[in-house]
Amino acid sequence: MSKELKTLCPYCGVGCGLLVTPEGARPPKVRGDPEHPANRGKLCPKGASVGLTLNVPNRLRYAMVGDRPGRLQVAPVEGAIQFAARRLENILQTHGPGAVGFYLSGQLTTEAQYFFNKFAKGSLRTNHVDSNSRLCMSSAASGMSLSLGSDGPPVCYDDIELAEAFFFIGSNAAECHPVTFERVLRRMKKFGAPCIVADPRKTATAAAATLHLPVRPGTDLVLLNGLLRMLRDWDRVDHRFIEAHTQDWPELSALLDDYPADFVAQTCGIPKQDFLKAAEIIADSDRLLSFWTMGVNQTVQGTTTTNAIINLHLATGRIGRPGAGPFSLTGQPNAMGGRDAGYMAHLLPGYRRINDPEHRRQMEQFWGLRPGTIVTSPGHDAVAMFDALERKELRAIWIVGSNPAASMPNLPRVCRAMEAAELVIVQDAYYPTETTRFAHVALPAAVNLEQSGTFCNSERCVSLMQPVATPPGDAKPDWWWAQQIAWEMGFYAGLQFNSAADIFDEFARSTAGRPNDQSALSHEWLAKRGPTQWPAPALGRPARRRYADGQFHTPNGRAKFWARPYTPPEEAPNERFPFLLTTGRVASQWHTRTKTGNVSQLNDLSPAPYLQMNPADAARLKLKEGQRVEIHSRRGRAISDLRIDPAISAGVVFMPIHWNDLWLPASSPNEVTTDAMDAISRQPALKACAVTIVPFAVRKEEALEVSSAGSLVSTNGAPGER
Ligand code: SF4
């Protein structure tokens, strides 16, 4: 009988542990790991069905290369490595290292993220390394860094069982972080803990709340400033904590004068008595946990709204204590690990910053590089990277574990950029994706269940994955492909790792003495002692909560209050574009469905995309349930089927993000979303853009596509075609 092996769910940032029993050629049996602190044996339907995503028709099993994108031929491993290396060398010789960019993913192991980052920034000398974390968590990261002096949330999951009240803002945790939300529900039921949910839609999370505040998209900051104003006016702030551990309270307090209850209720579009009720719940709950994610992060004020969430906790001293703190929920399974490894355009490992000369010096010394090797300025962030491709400033892009031709905002521009590229290398476990149609090289990647490595979840907990299945065909771990191409190009120094464990050892040492110190950890440690939260210094003990001593990672050790005024969303509705489109996720699908689209149980739960609209708006536009509609913005046009639903406010419409071009041309909301972004974090504002809705009209060029695709209730695109 096969032994159960320990690995991790590849989906959301909850980071659930899995126990997997290999079953030979059949899909492995999967159950929740009762010993894993993130889930204690629980799983949601996505995690429970992950075994069904391994040996599926749309797995990319062999490398493919071609002179023209979309015309790829199967190639032997060595041939594909040589093809990619020669093409990269040509571009390096002609245009220099600044012409090469890397677009990585929060779904890669920390080992792969670290390897790519070191290869690019240390060996190739390009800082154009960014990731889909830019679309996901970068506002939370920059907000926490500005307020607390360091990225990384201060709390742990066990705080849920100690909290007296919960506040969700910009988070539909019931669908997007279901196992964590189940713990919240249990605490609500057992302890009677109230739960406030601020969300423009009556999501599953809002439906379970004690109090739902259906705020207008983009007004979270008004609500947060208003709530703190009430606490201040009622003298429910912690003067001792403010005095001892923070700075700049007077500036913030002066700003709060601009947020009286009437203004807040009116701007947010919520009843004043509900706003006051929320302020009372918060005032009366000494142990408050505040959760946020994309609804805050993917806005033009994502960083400043994060600051305002943290302001609320600092002003009440509810941080670094059991059951209390600001809790940024991570979208992807290893976005935290990626930030630890420095896989963003402005970062180096160990939360070091590229524009800090001392941080560059430390990493040059650590990596054994000549002083001055690391380029001094941050590279292109995600949106800027595709802009640079379109301008031909970047000539090559190496995309690993992500599908930007579906997930980036303003797809018409992203597609133009990819078409302009001289070289697109795509490493993925699945084929085709919306992105592989632009590829000159497609390299088959092992998924996380097929390799060893680590993920770090939302509560800063690092877990080890054991390989539980054999990768199909020539599929290999992502770091392996990168290492082979680096060697083929002659880059050996510092890149000669024998295993993922070796890479992790070096990564862990690079964090020594830093705020995210993981120097005690190794694969061996994690195998023996199990998942461990950082900080986990070699000389010291791991800590469940950060800032328990009131000391923050700022130069003077004090947390900083930020006075953050509200500015309206970049695109307000007007006569031509009268609706605000917001986007989000559904419980049973993941990202662009390369994995979950293979699982019939999940497709049965969420079979097709839709545009959600309030009944009053639908009646005014004379639109009917199920009718196909066009969504137009200043950038493009998307197509979907109408779902009339009172759970969404009038004037706001919603589209889930999972269904894209392979489902049906123009079915992605990103055909119309804006690439306006948060000025600090450079995270695109995917949560609000102005659109108009009209009945669908078939254009000549689409007639064939639509008739062959039929209804929007279709399959997972055209899997496995090679
Ligand atoms: Fe996986 Fe997230 Fe579901 Fe846990 S909650 S099983 S990590 S998708």
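Position 1 is the first residue of the sequence; numbering continues from there. Indexing begins at 1, ligand by ligand and atom by atom, following the structure's order.
- The aromatic ring centres of F507 and W479 sit 6.0 Å or more apart.
- C44 SG, 2.3 Å is the protein heavy atom nearest to atom 3 (Fe) of ligand 1.
- A donor-acceptor pair under 3.5 Å is formed between the side chain of N403 and the backbone N or O of T435.
- The distance from ligand 1 to the heavy atoms of V179 drops below 4.0 Å at these ligand atoms: 4 (Fe), 5 (S).
- Atom 1 (Fe) of ligand 1 has C9 among its coordinating residues (N/O/S atom, backbone or side chain, under 2.8 Å).
- Donor-acceptor pairing under 3.5 Å is lacking for the side chains of N516 and R460.
- By the 30° and 60° cut-offs, the orientation of the rings of F327 relative to F291 is parallel.
- Between atom 2 (Fe) of ligand 1 and C12 there is an N/O/S contact shorter than 2.8 Å.
- Ion pairing of D381 with R134 is absent here, as no side-chain N (NZ or NE/NH1/NH2) approaches a carboxylate O to less than 4.0 Å.
- Residue contact check: Y11 has heavy atoms under 4.0 Å from atoms 8 (S) of ligand 1.
- Among the atoms of C16, an N, O or S atom is found under 2.8 Å from atom 4 (Fe) of ligand 1.
- The shortest separation from a heavy atom of K46 to ligand 1 is under 4.0 Å, placing the residue in contact.
- Close contacts of ligand 1 with G47, meaning ligand atoms under 4.0 Å from a residue heavy atom, involve 6 (S).
- Near P178, meaning under 4.0 Å from any of its heavy atoms, are these atoms of ligand 1: 5 (S).
- With ligand atoms numbered from 1 in the order given, ligand 1 contributes 7 (S) to contacts under 4.0 Å with heavy atoms of G15.
- Contact of the R585 side chain with the N172 side chain is not registered, since no non-hydrogen atoms from C-beta on lie closer than 4.5 Å.
- The closest side-chain heavy-atom distance from L224 to W292 is not below 4.5 Å.
- Remark: the backbone N or O of G401 is not paired with any side-chain donor or acceptor of Q427 at under 3.5 angstrom.
- Heavy atoms of L43 come nearer than 4.0 angstrom to ligand 1 in at least one pair.
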